[in-house]
Every structure is written in structure tokens, then in C-alpha cells.
Amino acid sequence: MRILIAEDDTELNKIIVKKLNAEGHAVDACFNGQDAIDYIESTGYDVAVLDIMMPQMDGLEAVRELRKRGNLTPVIFLTARDTVADRVKGLDTGANDYLVKPFSFDELTARIRAVTRTVTKNPTNIYTLADLSLNTETHEVRRGNKVISLTTREYMLLEYLLRNKNRVLSRQKIEDSIWNYDYEGGTNVVDVYISYLRKKIDDGSETKLIHTIHGIGYCMRAEK
């Protein structure tokens, strides 16, 4: 997933980004509410994790402004404010979830999965298409009875395609959703990774799942 972390504690910010990157996510980071708004408005994040007490603009103000602009990016507040009143205020402001510091990283990733399940209307951590399945908790990918080994970037691409199955996605949309701002790759990076995925997912199967939409991009659907 493409995730934004807005946390003014530099060390904690760095730790969260490192752990989420290791989980196979594309992560951007900032340190205040105003930058969080700018990032979210310019990029299609799957979820944003925001501290409440940040300089320039706090997390509550940032979410309030985003919702006023009609931006529905899922937001999880990550904060030391732990009273019931604080949680109610955070959720009523427009956040989708609220996690109190100190927190377990496993719980944070579980909450990220839960929020995105709601957005994609997928009731479990398992996404399927024909005989292909992908488990976002264990990262296991299967085609029929065969377990498929993917690199981190291949997995990220496949998860994104499955979350958007039956939708035509432009190369630019795919690149923006999989690679963060720090990435410096070639202009054909999406095509290259689609080729890698096809060899692992579609080769040898009668039903093809990854399809090129000429002049536009790609679509994941079951088609013989």
C-alpha cells in the first residue's frame, strides 16, 4: 500500500517508516499537519497515519480541513492523548481509527489492514481472483495449489492490482500508488514489473489474469 506517516517525533517517524517499508509498503513521511495536507492532496494514499500534536497544524485541524475539501483518504490517528473524550473528538473530526501511544507495531499494521478492508469492501485479509489468492497478513500468494514467491515490489504491485481488479489502471496511476517520492527508476518500470508478474502468475495457466489495455495501462481480470 501507499502510506503517509505524519509524526513530528523524528526518531519514531523513522522507525515506523522503516518497519512499514520492511512490510512491503511504499511510505512517505512528513512532520507537520500542513505538509500532511499537501502530501495527501497530491497523492492517492491508501491510508495516512497522523499524530495529533504536530507543529504548524495539528492532526485534528489537518483532518478537518481534508474532510472539508472532500478528501476521504482513510486516516488513523496515532497519539498520546488517551482519554475517551480525546478518542471521541478524533473520530468525530473525521478519522477512521485511533491508536494510543505507546503502541504495538503489529496492532498498527492490523488497523491499517482493517481500515483498507473497509474502503475496498473486502471482508477479510485475503484477496482473490479466479484461482489466485493473496493474503495481506501473511503475504502468501497462491495460484491454485502452488505457492508463488514474489519480491517485495512484485508483491506490492500484485496487491494493488487485486485491490482494483476489473478496473483499468493507467501506468501513471500504478506508479504513483506503488513507488514513493524517493524512488528514482526508469520510465518503463511499471511495464518491467508487470512482465515479471506475468511470468510468475499467468505462465502455464489457461486463464490469464493480467491484461494490457493498449494505450492506457493494465487491468486484472479473469479471462481465457
Side-chain angles (χ1 to χ4, degrees), residues 1-5 16-29 43-49 74 76 105-186 188-205 207-212 217-222:
M1 284 179 276
R2 185 81 183 266
I3 301 173
L4 175 69
I5 303 299
I16 296 173
V17 169
K18 183 177 180 179
K19 285 182 174 292
L20 287 174
N21 279 330
E23 288 276 316
H25 302 292
V27 187
D28 295 309
T43 304
Y45 290 102
D46 294 293
V47 62
V49 180
I76 299 174
F105 183 74
D106 287 341
E107 183 178 2
L108 174 60
T109 55
R111 287 174 182 264
I112 288 172
R113 290 193 297 270
V115 165
T116 53
R117 281 201 308 271
T118 300
V119 172
T120 59
K121 296 181 173 58
N122 200 69
T124 73
N125 291 324
I126 299 175
Y127 289 79
T128 62
L129 179 62
D131 59 345
L132 175 71
S133 66
L134 178 149
N135 188 317
T136 60
E137 182 179 4
T138 64
H139 288 193
E140 182 181 77
V141 176
R142 287 178 174 270
R143 182 91 198 250
N145 295 320
K146 177 185 176 184
V147 176
I148 298 173
S149 177
L150 300 176
T151 66
T152 298
R153 195 67 66 178
E154 289 167 353
Y155 173 87
M156 292 168 66
L157 176 56
L158 180 61
E159 181 181 336
Y160 181 69
L161 292 172
L162 274 174
R163 287 177 183 274
N164 293 278
K165 62 186 178 183
N166 299 314
R167 292 179 55 194
V168 177
L169 303 167
S170 69
R171 289 173 175 82
Q172 188 62 55
K173 178 70 172 173
I174 294 171
E175 185 172 343
D176 289 346
S177 299
I178 304 300
W179 284 270
N180 63 14
Y181 285 117
D182 295 331
Y183 178 76
E184 296 179 0
N188 66 334
V189 63
V190 173
D191 297 331
V192 169
Y193 275 92
I194 287 287
S195 175
Y196 294 158
L197 265 188
R198 273 197 173 122
K199 289 177 181 177
K200 294 183 177 183
I201 300 298
D202 278 345
D203 279 5
S205 297
T207 300
K208 305 303 180 184
L209 302 181
I210 302 173
H211 303 275
T212 301
Y218 297 96
C219 180
M220 195 153 199
R221 61 179 181 237

Exercise. Kindly indicate whether the side chain of Tyr193, heavy atoms from C-beta on, has any atom under 4.5 Å from the side chain of Glu175.
Key: no

Quiz item: Between the main-chain N or O of Asn125 and the side-chain N or O of Thr136, is there a donor-acceptor pair closer than 3.5 Å?
Solution: yes

Quiz item: Once you round to the nearest 0.5 Å, how far does OG1 of Thr138 lie from CD1 of Ile126?
Solution: 7.5 Å

Exercise. Over all heavy atoms of both residues, which pair between Tyr155 and Val141 is shortest? Give the atoms and the distance, please.
Key: CD1-CG2, 4.0 Å

Exercise. Answer yes or no: are there more than 12 heavy-atom neighbours, outside Lys208 itself, under 6.0 Å from its atom NZ?
Key: yes

Exercise. Calculate, to the nearest 0.5 Å, the distance between atoms CG and CE belonging to Leu20 and Met1 respectively.
Key: 8.5 Å

Self-check item: Chi angles and distances behind the side chain to side chain contact (heavy atoms under 4.5 Å, CB included) call for Arg2, Ile178
Solution: CA-CA 6 Å; Arg2 185 81 183 266; Ile178 304 300; over 6 Å; no

Quiz item: Is there a donor-acceptor pair closer than 3.5 Å between any side-chain N or O of Thr118 and the backbone N or O of Ala114?
Solution: yes

Quiz item: Is the closest side-chain heavy-atom distance between Met220 and Asn164 below 4.5 Å?
Solution: no

Quiz prompt | From Arg221 atom CZ to Leu209 atom CG, the distance as rounded to the nearest 0.5 Å | solution = 11.0 Å

Exercise. For the residue pair Leu132 and Ile201, establish whether any side-chain heavy-atom pair is separated by less than 4.5 Å.
Key: yes

Quiz item: Salt-bridged, Asp203 to Arg198, with N to O below 4.0 Å?
Solution: no

Quiz item: Can you tell me how far CD1 of Ile210 sits from CG of Leu197, rounded to the nearest 0.5 angstrom?
Solution: 4.5 Å

Quiz item: Mind checking whether Leu161 and Ile194 have side chains closer than 4.5 Å, heavy atoms only?
Solution: yes

Self-check item: Heavy-atom neighbours of Lys165 NZ exceed 12 at 6.0 Å
Solution: yes

Exercise. Return each pair, listed once, that meets salt bridge (charged side-chain N to carboxylate O under 4.0 Å, His left out) where at least one residue sits in residues 119-129; pairs must be two or more places apart or across chains.
Key: none

Quiz item: Can you list the residues that meet the side-chain contact (heavy atoms from CB on, under 4.5 Å) rule with Thr152, with sequence neighbours excluded?
Solution: Met156

Quiz prompt | Audit row: Tyr45, Asp28, side-chain hydrogen bond (donor to acceptor under 3.5 Å, both in side chains) steps and yes/no | solution = CA-CA 10 Å; Tyr45 290 102; Asp28 295 309; 2.8 Å; yes

Self-check item: Qualifying salt bridge (charged side-chain N to carboxylate O under 4.0 Å, His left out) pairs with a residue from residues 135-149, counting only residues at least two apart or across chains
Solution: Asp131-Arg143, Glu140-Arg142, Arg143-Asp202

Quiz item: So how far is it from His211 NE2 to Asn166 CG, rounded to the nearest 0.5 Å?
Solution: 9.5 Å

Quiz prompt | Beyond-backbone contact of Ile16 with Val49, side-chain heavy atoms, under 4.5 angstrom | solution = no

Quiz item: Mind checking whether His139 and His25 have parallel, tilted or perpendicular rings, split at 30° and 60°?
Solution: perpendicular

Quiz item: Are more than 12 heavy atoms from other residues, nucleotides or ligands located less than 6.0 Å from atom OH of Tyr196?
Solution: no

Exercise. Please report the C-alpha distance between Tyr218 and Thr212 in whole Å, then the side-chain angles of each, then the deciding distance to 0.1 Å, and finally whether the side-chain hydrogen bond (donor to acceptor under 3.5 Å, both in side chains) criterion is met.
Key: CA-CA 5 Å; Tyr218 297 96; Thr212 301; 4.7 Å; no

Quiz item: Where do Glu107 and Arg111 land on the salt bridge (charged side-chain N to carboxylate O under 4.0 Å, His left out) test, with the steps shown first?
Solution: CA-CA 6 Å; Glu107 183 178 2; Arg111 287 174 182 264; 2.7 Å; yes

Quiz prompt | Reported CG-to-CG distance for the pair Leu134 and Leu162, which is rounded to 0.5 angstrom | solution = 6.0 Å

Quiz item: Does a donor on one side chain sit under 3.5 Å from an acceptor on the other, for Arg163 and Tyr127?
Solution: yes

Quiz item: Are the side chain of Thr116 and the backbone of Ile112 linked by a donor-acceptor contact shorter than 3.5 Å?
Solution: yes

